*Asks:* 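Supplied in structure tokens, the structure appears directly below.
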There are 2 protein chains.
Amino acid sequence: MTDTPPRTRIQQRNRETILGAALEVFSQHGFRGATLDQIAQAAGLSKPNLLYYFPSKEAMHEALLAGLMDTWLAPLRALDPGGEPLDEILGYVHRKLLLSRDFPRESRLFANEILQGAERIRPTLEGELKTLVDQTAAVISGWAREGRIAPVDPYHLIFSIWALTQHYADFDVQVRAVLGPGKDDPFDGADRYLATLFSRLLTP
Amino acid sequence: MTDTPPRTRIQQRNRETILGAALEVFSQHGFRGATLDQIAQAAGLSKPNLLYYFPSKEAMHEALLAGLMDTWLAPLRALDPGGEPLDEILGYVHRKLLLSRDFPRESRLFANEILQGAERIRPTLEGELKTLVDQTAAVISGWAREGRIAPVDPYHLIFSIWALTQHYADFDVQVRAVLGPGKDDPFDGADRYLATLFSRLLTP
DNA sequence: GTCTATACCTAGATAGAC
DNA sequence: GTCTATCTAGGTATAGAC
């Protein structure tokens with residue numbers, strides 16, 4: 001998607017440093033809220049130097065979003081239509097939760113984008129994402145028809161998995177505020193809770 | 001919370017017009033992304049006139065957030081510890097979903113705020129919200145101990161209700177992109193799905 | 001490749017006429 | 001109370017030296 005023409009090692013390294021800093025700042029403040037000053041400081045580079053590597057602030061943002069989509073859809077692609085239905089779905093939930101735990105900034109970048117209308121990624125949502133979800137929904141419906149899981153609306157099942165797993169990354173501040181300090185990592189509790197929730201829903 | 005000193009009718013009306021316009025713009029673009037020009041246009045007033053009614057952009061935002069919290073917590077407060085446990089919880093889910101359907105802008109305003117660190121409302125989260133959730137969690141734990149619902153982590157149960165209901169407002173764009181045009185209202189499907197989901201989880 | 005200096009614009013807020 | 005005009009800060013991007 002993003003072309004990555006041959007570069008020197010130092011160029012590669014700086015590009016990655018900048019994208020890391022940009023992810024940090026964009027995910028916390030949104031596109032408009034982020035400033036090049038903040039990104040430059042986080043990257044340890046000067047502001048003009050950022051613009052030597054990327055033509056504009058917009059270009060940094062696009063590079064991040066383009067790289068993100070594949071990572072984000074990987075767990076869903078990994079769902080095996082030939083596997084044991086309940087295991088496959090619980091495995092998907094687990095992998096998606098780990099993704100939220102390990103990549104919260106990516107999750108928030110994505111959430112910011114959707115929340116604010118998804119202007120930049122709507123084509124991907126209506127194309128690549130919809131196609132993948134349609135395929136997966138067909139698999140799940142098949143499992144339900146065969147009686148291997150309880151009858152369920154496959155689309156809302158998938159939405160609920162997204163909502164629940166991403167909530168722990170995107171609303172992390174609220175989760176921690178409510179749980180208070182000194183509790184276990186919210187993700188541990190979530191992992192157990194979600195396994196129970198979907199087992200009960202889907203066991204025939 | 002927000003003091004509303006005696007005003008003329010026209011003042012009241014203009015304040016409300018402005019807040020409505022501000023909600024529209026803030027919820028779509030976030031605080032930083034919103035501009036006074038946009039709000040002024042949405043309100044049909046001039047930019048300086050906005051600042052006659054509110055001392056600053058920040059003040060508009062605070063007025064919205066202050067008014068929002070009560071509305072947002074009302075369905076949880078309405079949960080009756082003396083009621084039939086499953087009915088009470090399913091009723092809460094239903095009311096919360098209706099709130100998302102009927103007040104999506106408020107939901108997104110709140111989501112933007114949490115997502116970006118909740119600087120302005122963290123005290124409320126750690127105070128009023130935590131207290132209310134702690135109380136409700138105690139009630140739910142009691143029900144579980146008495147065997148009136150299945151054993152469940154009450155905090156994660158509440159988080160999951162928030163995540164699922166708000167998802168349909170906050171990620172509306174994504175939901176509609178995936179479902180495609182011409183389908184039923186996502187909220188109808190969600191209502192049925194969530195009732196099933198929580199019935200199965202909580203039935204002893 | 002990286003810096004300093006700066007151009008240029010957008011956007012929040014104010015002054016003052018009406 | 002509402003407007004036009006304007007001030008000012010901050011932010012993106014560029015020029016040009018090193």
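Treat the numbers as computed from the prediction; the structure is a model and nothing was measured.
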*Asks:* Could you check which residues of residues 28-37 of chain B get a heavy atom under 4.0 Å from DNA chain C? Sort them by number, please.
*Replies:* B/Ala34, B/Thr35, B/Leu36

*Asks:* Could you list the residues that satisfy side chain to side chain donor-acceptor pair (under 3.5 Å) with B/Lys47, not counting sequence neighbours?
*Replies:* none

*Asks:* Hey, is B/Lys130 close enough to B/Asp134 for a salt bridge, meaning N to O under 4.0 Å?
*Replies:* yes

*Asks:* So where does chain B start and stop touching DNA chain C, 5' to 3', when the test is distance under 4.0 Å to a non-hydrogen atom?
*Replies:* C/dA11 to C/dT14

*Asks:* Identify the heavy atoms of A/Ala195 and A/Ser199 that sit nearest to each other, and give their distance.
*Replies:* O-OG, 2.8 Å

*Asks:* I'd like to check A/Tyr155 versus B/Val175 (side-chain heavy atoms, cut-off strictly below 4.5 Å). Are they in contact?
*Replies:* no

*Asks:* Aromatic rings B/Phe159 and A/Tyr168: how do their planes relate, parallel, tilted or perpendicular, breaks at 30° and 60°?
*Replies:* perpendicular

*Asks:* Five pairs at each end of the helix from C/dG1-D/dC18 to C/dC18-D/dG1: take the axis at both ends and give me the angle between them to 10°.
*Replies:* 10°

*Asks:* Tell me, which pairs form a ring pair (Phe, Tyr, Trp, His ring centres under 6.0 Å) where one or both residues lie in residues 36-56 of chain A, sequence neighbours left out?
*Replies:* none

*Asks:* Do you know the tightest heavy-atom contact between A/Asn112 and A/Ser27?
*Replies:* ND2-O, 3.3 Å

*Asks:* Walk me through whether A/Leu164 and A/Phe198 qualify under side-chain contact (heavy atoms from CB on, under 4.5 Å).
*Replies:* CA-CA 11 Å; A/Leu164 289 165; A/Phe198 287 109; 3.7 Å; yes

*Asks:* Can a salt bridge be assigned to the pair A/Glu128 and A/Arg77 using a cut-off of 4.0 Å between side-chain N and carboxylate O?
*Replies:* yes

*Asks:* Taking only heavy atoms on the protein side, list every residue of residues 45-61 of chain A lying under 4.0 Å from any atom of DNA chain C, sorted numerically.
*Replies:* A/Ser46, A/Pro48, A/Asn49, A/Tyr52, A/Tyr53

*Asks:* Provide the closest heavy-atom pair for A/Gly33 versus B/Arg32 in the form atom of the first, atom of the second, distance.
*Replies:* O-NH1, 3.4 Å

*Asks:* Taking B/Arg120 first and then B/Glu62, would you say they form a salt bridge - that is, a charged N and a carboxylate O separated by under 4.0 Å?
*Replies:* no

*Asks:* Is any side-chain N of the basic residue among B/Asp172 and B/Arg176 closer than 4.0 Å to the acidic one's carboxylate O?
*Replies:* yes

